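Keep in mind the model is a prediction, meaning the values are calculated, not measured. The first residue of the sequence shown is numbered 1, and numbering continues consecutively from there.
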Amino acid sequence: MEEKILKKVESLKDQMIGGILELVKIDSVETEPEPGAPFGPGVKRALTKALELGENMGFRCVNLDNYIGYVEYGQGEDYVCAIGHVDVVPVGDGWRQPPFSGYMENGVIYSRGILDNKGPVLSCLYGLLALKELGYEPKHRIRIIFGCDEESGFQDLDYYLKREKPPLGGFTPDCKFPVVYAERGRAVIRVKGWELEPFFDFVTEYFIGAKNTGDRLGIDVSHKEYGVMEMRGYKLGVEEGTPYFEASLSYPAGHDIQEIVGKIRDKAGELGVELRHNYNPVVFDRESPLVQALKECYETVTGRDGTPVTTTGGTYAKAMPNIVPFGPSFPGQKGIGHNPNEWMTVEDLVKNGKIYALGLYRMGNL
């Protein structure tokens, strides 16, 4: 069956690339909400298009008030899923071609969202189409979920989980290969100062003039598998006349965020320190059936070592229970998604489709 799946995905290549080009030509940067469009009209159009593609394939399609939507295949009490997103980050400068043109040259597609995340999530959809056309009958329903607020706050997933139960298992094609079994925690801390001199002295000494590991703060925590603390995303601002400084902390598993914030407060003295936001680390058993199944799918298609890895990134796995990050970038491909001239090759999109089709097939049998 698995060989038939790979051949079927290959036969759907032109149809898949056509569908992906339709979707990446939609400007789906989040804008101000409008009635019936909680993340703006562009994101709504992108979700509508993704669900339209699924409906034309004969799948059951559900739109949850334009917050999020999904296509579904199969029968059963529970479901497994792939969850990606159709919203994209702002375009920025430096594009050689219009960012929503679907420009293709020498087998490479350049467009905002082609990698992050429209191309990969549609690769999942066409992988599911391959299973449907082969008459596959899974033990669990299979969903491809199209999020609309991944880049700006996960309100879409919060809306979804208040209306739908979580999956038995699944993956998000919004990170890297091989399968990722652990994500670091993500937190945002804010330091506030009422007196300018001690405030700026503290920010300069402990953040701007220090290593981004938080060594001077005493928070340079580490783990042999998950790496060392990383501080980034520095932001200086003023709120109600009071200056503040924010930093995003990417911290390894095995460390408590309250302990980390406590150490910052100890150094800050009279300055105010608050935890603005936090997602705890996500860690899966590397030997779990889900992780091992996806590992084998990757190895089958690529012939590469699929030993599970960790990531410093953050994905829907932070908020959706029972899912792991899985693709779409291959080893050596890094820093593409949010940059100008975002790209993905047709070959890699098809390869993604094959890996994801096998992944959905394996998960449907778990």
Side-chain angles (χ1 to χ4, degrees), residues 19-20 23 26 28 30 38-39 43-88 113 116-129 131-132 138 140-175 180 183 282 290 294 314-328 352-353 355-357 359-364 366:
I20 289 171
L23 191 59
I26 298 173
S28 56
E30 184 174 337
F39 307 114
V43 179
K44 178 182 177 179
R45 285 194 299 272
L47 176 62
T48 299
K49 172 56 67 175
L51 295 177
E52 176 188 294
L53 291 170
E55 187 173 15
N56 291 340
M57 296 172 186
F59 292 120
R60 297 188 296 275
C61 297
V62 175
N63 184 337
L64 295 177
D65 303 319
N66 294 308
Y67 275 83
I68 195 168
Y70 61 85
V71 303
E72 186 174 75
Y73 175 67
Q75 306 295 325
E77 180 67 23
D78 296 303
Y79 72 96
V80 295
C81 76
I83 174 171
H85 61 94
V86 297
D87 61 311
V88 298
D116 187 17
N117 187 236
K118 294 175 179 178
V121 73
L122 284 192
S123 294
C124 295
L125 178 62
Y126 284 91
L128 186 60
L129 177 61
L131 301 183
K132 177 177 178 288
H140 316 287
R141 287 174 287 141
I142 301 175
R143 287 182 184 176
I144 310 298
I145 304 174
F146 300 98
C148 295
D149 187 42
E150 196 276 344
E151 299 290 3
S152 303
F154 290 10
Q155 292 181 55
D156 54 347
L157 197 48
D158 181 61
Y159 197 86
Y160 178 89
L161 290 172
K162 288 177 179 176
R163 290 157 179 80
E164 303 277 345
K165 63 183 179 182
L168 285 178
F171 62 85
T172 178
D174 194 21
C175 191
V180 175
E183 281 190 2
V282 178
L290 173 64
L294 298 179
T315 71
Y316 276 136
K318 286 280 192 294
M320 175 70 98
N322 308 323
I323 69 166
V324 295
F326 188 44
N352 269 245
I355 294 170
Y356 293 146
L360 296 170
Y361 171 73
R362 294 279 189 97
M363 290 193 307
L366 289 177

Report task. Would you check if His85 and Asp116 make a side-chain contact, meaning some heavy-atom pair closer than 4.5 Å? Result -> yes

Query - Member of Tyr67, Tyr316, Tyr159 meeting the ring pair (Phe, Tyr, Trp, His ring centres under 6.0 Å) criterion with Phe154 - result: Tyr316

Requested in this report: Compare every heavy atom of Gly19 with every heavy atom of Leu122, then report the nearest pair and how far apart it is.
Outcome: CD1-O, 3.6 Å

Query raised in the report: Rounded to the nearest 0.5 Å, what separation is found between the CG atom of Asn66 and the CG atom of Leu51?
Result: 8.5 Å

Report summary line: In this structure, OH of Tyr70 is separated from CG of Leu64 (nearest 0.5 Å) by 6.0 Å

Query - Cys81 to Ile323 - nearest heavy-atom pair and separation - result: SG-CG2, 4.2 Å

Requested in this report: Taking the side chain as every heavy atom from C-beta outward, state whether Pro167 and Arg143 have any pair of such atoms under 4.5 Å apart.
Outcome: no

Report summary line: Closest heavy-atom pair, Thr172 versus Ala317, reported as atoms and distance to 0.1 Å, is CG2-N, 4.4 Å

Query raised in the report: Do Leu366 and Leu168 have side chains that get closer than 4.5 Å, going by heavy atoms?
Result: no

Requested in this report: Give the minimum heavy-atom separation between Val86 and Cys148, together with the two atoms involved.
Outcome: CG2-SG, 4.0 Å

Query raised in the report: So, do Val62 and Glu72 sit near enough that their side-chain heavy atoms are less than 4.5 Å apart?
Result: no

Requested in this report: Report yes if some heavy atom in the side chain of Asn117 is under 4.5 Å from a heavy atom in the side chain of Glu150; otherwise report no.
Outcome: no

Requested in this report: Count the heavy atoms of every other residue, nucleotide or ligand shown that sit under 6.0 Å from CD of Glu55, and state whether that count exceeds 12.
Outcome: no

Query raised in the report: Minimum heavy-atom separation for Gly364 to Val80, with atom names?
Result: N-CG2, 4.2 Å

Query raised in the report: Would a 4.5 Å heavy-atom cut-off, applied to side chains only, mark Asp87 and Phe39 as touching?
Result: no

Requested in this report: Check the side chains of Glu164 and Tyr79 for a donor-acceptor pair under 3.5 angstrom, ignoring hydrogens and angles.
Outcome: no

Report task. Using the side-chain contact (heavy atoms from CB on, under 4.5 Å) rule, take Lys318 and Glu183 through it: C-alpha gap first, then chi angles, then the decisive distance, then the call. Result -> CA-CA 8 Å; Lys318 286 280 192 294; Glu183 281 190 2; 2.5 Å; yes

Report summary line: Rounding to 0.5 Å, atoms OG (Ser28) and NZ (Lys44) come to a distance of 14.5 Å

Report summary line: Rounded to the nearest 0.5 angstrom, the CG-OG distance for Leu128 and Ser123 is 12.5 Å

Report task. Evaluate the side-chain proximity of Val180 to Val324: yes if any heavy-atom separation is below 4.5 Å, no if none is. Result -> no

Report summary line: Tested for side-chain contact (heavy atoms from CB on, under 4.5 Å) against Cys124, the lone hit among Ile142, Ile144, Leu129 is Ile144

Query raised in the report: Would you say the side-chain atoms of Lys132 pair up with the backbone N or O of Met57, donor to acceptor, closer than 3.5 Å?
Result: yes

Report task. Kindly indicate whether the side chain of Leu290, heavy atoms from C-beta on, has any atom under 4.5 Å from the side chain of Met363. Result -> yes

Query raised in the report: Taking atom NZ of Lys162 as the centre, does the number of heavy atoms from other residues, nucleotides or ligands within less than 6.0 Å exceed 12?
Result: no

Query raised in the report: Is it true that a side-chain atom of Arg141 and a backbone atom of Glu77 form a donor plus acceptor pair closer than 3.5 Å?
Result: yes

Query raised in the report: Between Tyr73 and Pro138, which heavy-atom pair has the shortest distance, and what is it?
Result: CE2-CD, 3.9 Å

**Report entry** Distance, nearest 0.5 Å, that separates CG of Leu125 from CZ of Phe146
**Finding:** 4.5 Å

Report task. Show your reasoning for whether side-chain contact (heavy atoms from CB on, under 4.5 Å) applies to Phe171 and Leu360. Result -> CA-CA 9 Å; Phe171 62 85; Leu360 296 170; 4.1 Å; yes

Query raised in the report: For Ile83 and Leu157, what are the C-alpha separation, side-chain angles and deciding distance, and is it a side-chain contact (heavy atoms from CB on, under 4.5 Å)?
Result: CA-CA 10 Å; Ile83 174 171; Leu157 197 48; 3.9 Å; yes

Report summary line: side-chain contact (heavy atoms from CB on, under 4.5 Å) with Asp156: of Leu161, Asp149, Val43, only one passes, and it is Asp149

**Report entry** Arg163 side, atom CZ; Asp158 side, atom CG - distance, nearest 0.5 Å
**Finding:** 8.5 Å

Report task. Begin from the C-alpha positions of Tyr356 and Tyr126 and carry the test side-chain contact (heavy atoms from CB on, under 4.5 Å) through to its verdict. Result -> CA-CA 9 Å; Tyr356 293 146; Tyr126 284 91; over 6 Å; no

